[in-house]
Structure formats: C-alpha cells, structure tokens
Amino acid sequence: MQFQNRRAAGKELGRAVAELAPIDPVVLALPRGGMPVGFEVAAALGCELDVLVVRKVGVPSQRELAMGAVAEHDVVIRNEEVLALAGVSEEAFLAGVERERLELARRLEMYRGTAEAVKVVGRTAVIVDDGLATGSTAEAGIEALRHLGAGAVWVAVPVAPRDTSLRLGRIVDRLVVLSQPRYFQAVGAWYGDFRQTSDEEVETLLAESRLR
C-alpha cells in the first residue's frame, strides 16, 4: 500500500482509529512529519491535537538510523541493538542525547509558544506519526505520556515494519498500523509525496486545529 501524501494517509488512518472508538481521545503528533497525519486523525475523532516533541538520536555516521531518542520530561530511550551493531561509544551516545535535547527545547518553545500543552491525564493519548522505522521515537513518546498520567496510550501510523510493530504492540494499549510491508526499506518509500514538513506547516496546522 502506498499513500499519496501525509494528509491522505491521515484521512485513512483517522477512519481506522475512529472505528475503534477511543474513550476521551487526544491526538499527539510527532513533529514534523507526523503533524499532517495527526491533523487528519484528530479531525476524524473530533478531538484536540497537540505536538509530542520527541527527537531521534541518530548514529553519528548515519543520522537517519536511530540509536535512541529523547522526549519531554527528560525521557531517554536507548536502542541497544543499534548501539552494538554500529559500535557507538557511550560518550558518543551521550553527546547525541545532549544535542537532541537542545533541539527538543527549541522546538517546544517554537511550537507551543504561549499555548499550554493539552492535558492527557486519564485520557486516551493517541501518538501519531507518518510511519515507524526502529520505533525509538514512538517508544520515547510512550514513556513520556505514561509519566504524564495518560489513561491509555495508543500508537497509530500508516506504515511500519512487522518487527517494530510486534515490539511496540507489547508496550502500548493499542497499536494501529494500516500497512506492514514484508520488505520495509524506509517510511518514505511508501509515499508518493514525502516532501519534508516545515516548522511553519506544523505551527499552521496546530493553530488551525485550535480553531475547530
């Protein structure tokens, strides 16, 4: 299954999540690519939309490959398998964590501005992204939402590899994945249009969602 673009994927995903009727939902999109998808899922659910700022910590020689992730509230996730295979030292990992924490703080200030974070206590928090690869960023988001007191944590994405889906399925209350291709390659391979989402688009969609 290939999706036309993130908004189209979000509409399909929104229908699938809505059929499961989550109780008192709130959608937390992982910026930047998750925001157009999350916008459509929140529209389908008729619920609030917010960002969940999580930063992938990439392998120094291959930044797109996640060796871990950081999230709000000092959450740090390590992918021990990737760390071992890539031969990354503890010093290099910690340096990557610090770099991404700085970027996380910058994005939080930019996206939220003066608007407070949507409350998730006791609610069904639905993490949405444009797809999963290793799942490290989603895992960091799950831990952050547990820390914030979400009543249930769901993850909903258009596409993810089967092994990642199996692993995340064990630590969330519900996992919704539209497509789990046998040969995954990369998230972008499953989109016709996978142009980078800009910070401005994230801010625009957030502002628009608050007016609904």
Side-chain angles (χ1 to χ4, degrees), residues 1-3 6 9 28-35 37-38 51-108 110-111 127-147 153-172 175-191 194-199 202:
M1 176 188 293
Q2 189 176 61
F3 304 98
R6 291 180 178 90
L28 289 310
L30 300 184
R32 293 179 292 214
M35 180 54 71
V37 185
V51 289
L52 180 62
V53 183
V54 178
R55 292 291 300 169
K56 172 172 62 181
V57 181
V59 171
S61 60
Q62 192 178 350
R63 289 287 177 84
E64 286 304 308
L65 178 61
M67 59 180 176
V70 296
E72 302 174 53
H73 309 289
D74 294 322
V75 171
V76 178
I77 296 295
R78 302 168 61 95
N79 188 318
E80 298 294 352
E81 182 179 0
V82 172
L83 285 166
L85 287 172
V88 179
S89 68
E90 184 66 10
E91 182 181 12
F93 176 74
L94 292 176
V97 166
E98 184 57 31
R99 180 181 63 250
E100 297 305 334
R101 275 178 167 163
L102 291 172
E103 178 62 15
L104 185 147
R106 184 191 72 83
R107 291 198 181 193
L108 271 175
M110 175 174 56
Y111 295 150
I127 298 174
V128 175
D129 203 357
D130 53 14
L132 300 174
T134 66
S136 292
T137 51
E139 192 174 345
I142 293 163
E143 187 169 327
L145 289 170
R146 299 282 192 209
H147 174 83
V153 180
W154 294 20
V155 171
V157 294
V159 62
R162 296 180 183 183
D163 56 345
T164 298
S165 298
L166 285 171
R167 182 167 54 81
L168 284 184
R170 300 187 189 105
I171 62 173
V172 291
L175 178 68
V176 183
V177 182
L178 298 181
S179 178
Q180 297 181 48
R182 183 181 298 274
Y183 302 107
F184 179 73
Q185 297 177 304
V187 172
W190 304 98
Y191 284 84
F194 199 65
R195 284 175 290 183
Q196 188 175 48
T197 304
S198 67
D199 287 328
V202 172

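- Within 6.0 Å of atom CD in E81, 12 or fewer heavy atoms from other residues, nucleotides or ligands are found, so the atom counts as exposed in its surroundings.
- Looking at heavy atoms from C-beta onward, K56 lies out of side-chain contact with M67 at the 4.5 angstrom threshold.
- The two atoms that bring I142 and I127 nearest to each other are N-CD1, 3.6 Å, heavy atoms only.
- Nearest heavy-atom pair, A140 versus V75, reported as atom, atom and distance to 0.1 Å: O-CG1, 3.6 Å.
- Atoms CG and CD, from L145 and E72 in turn, are 8.5 Å apart once rounded to the nearest 0.5 Å.
- With rounding to the nearest 0.5 Å, the separation of CD1 in I171 from CZ in R146 is 8.0 Å.
- Residues F93 and L83 have side chains in contact (heavy-atom distance under 4.5 Å, counting atoms from C-beta outward).
- Counted by atom type alone, D130 and Y191 present zero donor-acceptor pairs between their side chains at under 3.5 Å.
- The two residues P60 and V88 have their closest heavy-atom pair at CD-CG2, 4.1 Å.
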### Message
For Y111 and V202: C-alpha separation, side-chain torsions, deciding distance, then whether side chain to side chain contact (heavy atoms under 4.5 Å, CB included) applies.
### Response
CA-CA 7 Å; Y111 295 150; V202 172; 3.6 Å; yes
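- When all heavy atoms of W190 and Q2 are compared, the pair lying nearest together is O-CG, 3.2 Å.
- Within the model, atoms OG of S198 and CE of M35 stand 11.5 Å from one another, a figure rounded to the nearest 0.5 Å.
- Taking the ring axis of F184 as reference, the NZ or CZ atom of R162 does not stay both within 45° of it and closer than 6.0 Å to the ring centre.
- Of the inter-residue distances, the one linking E100 atom CD with R63 atom CZ reads 7.0 Å to the nearest 0.5 angstrom.
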### Message
Is there a side chain to side chain contact (heavy atoms under 4.5 Å, CB included) between V82 and L65? Walk through the geometry before answering.
### Response
CA-CA 8 Å; V82 172; L65 178 61; 3.9 Å; yes
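- Here the shortest heavy-atom pairing between A133 and V187 reads N-CG2, 4.5 Å.
- A 6.0 Å sphere centred on CD of E91 holds no more than 12 heavy atoms belonging to other residues, nucleotides or ligands.
- Considering only heavy atoms from C-beta on, L132 comes within 4.5 Å of L168 through its side chain.
- The backbone N or O of P161 lies less than 3.5 Å from a partner atom in the side chain of S165, making a donor-acceptor pair.
- Nearest approach of T134 to A66, heavy atoms of both residues: OG1-CB, 3.6 Å.
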### Query
Given the rule in the side chain to side chain contact (heavy atoms under 4.5 Å, CB included) test, do R167 and E139 qualify, once you have shown the distances and angles that lead to the verdict?
CA-CA 10 Å; R167 182 167 54 81; E139 192 174 345; 3.0 Å; yes
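- Here E143 contributes atom CD and H147 contributes atom NE2; the two are 9.5 Å apart, rounded to the nearest 0.5 Å.
- We find the CZ-CZ distance between R6 and R32 to be 10.0 Å, quoted to the nearest 0.5 Å.
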### Task
With salt bridge (Lys or Arg N to Asp or Glu O under 4.0 Å) as the test, would you mind laying out the steps for E103 and R99 before giving the verdict?
CA-CA 7 Å; E103 178 62 15; R99 180 181 63 250; over 6 Å; no
### Task
Go through the steps to decide whether D74 and R101 satisfy the test side chain to side chain contact (heavy atoms under 4.5 Å, CB included), and finish with yes or no.
CA-CA 8 Å; D74 294 322; R101 275 178 167 163; 4.3 Å; yes
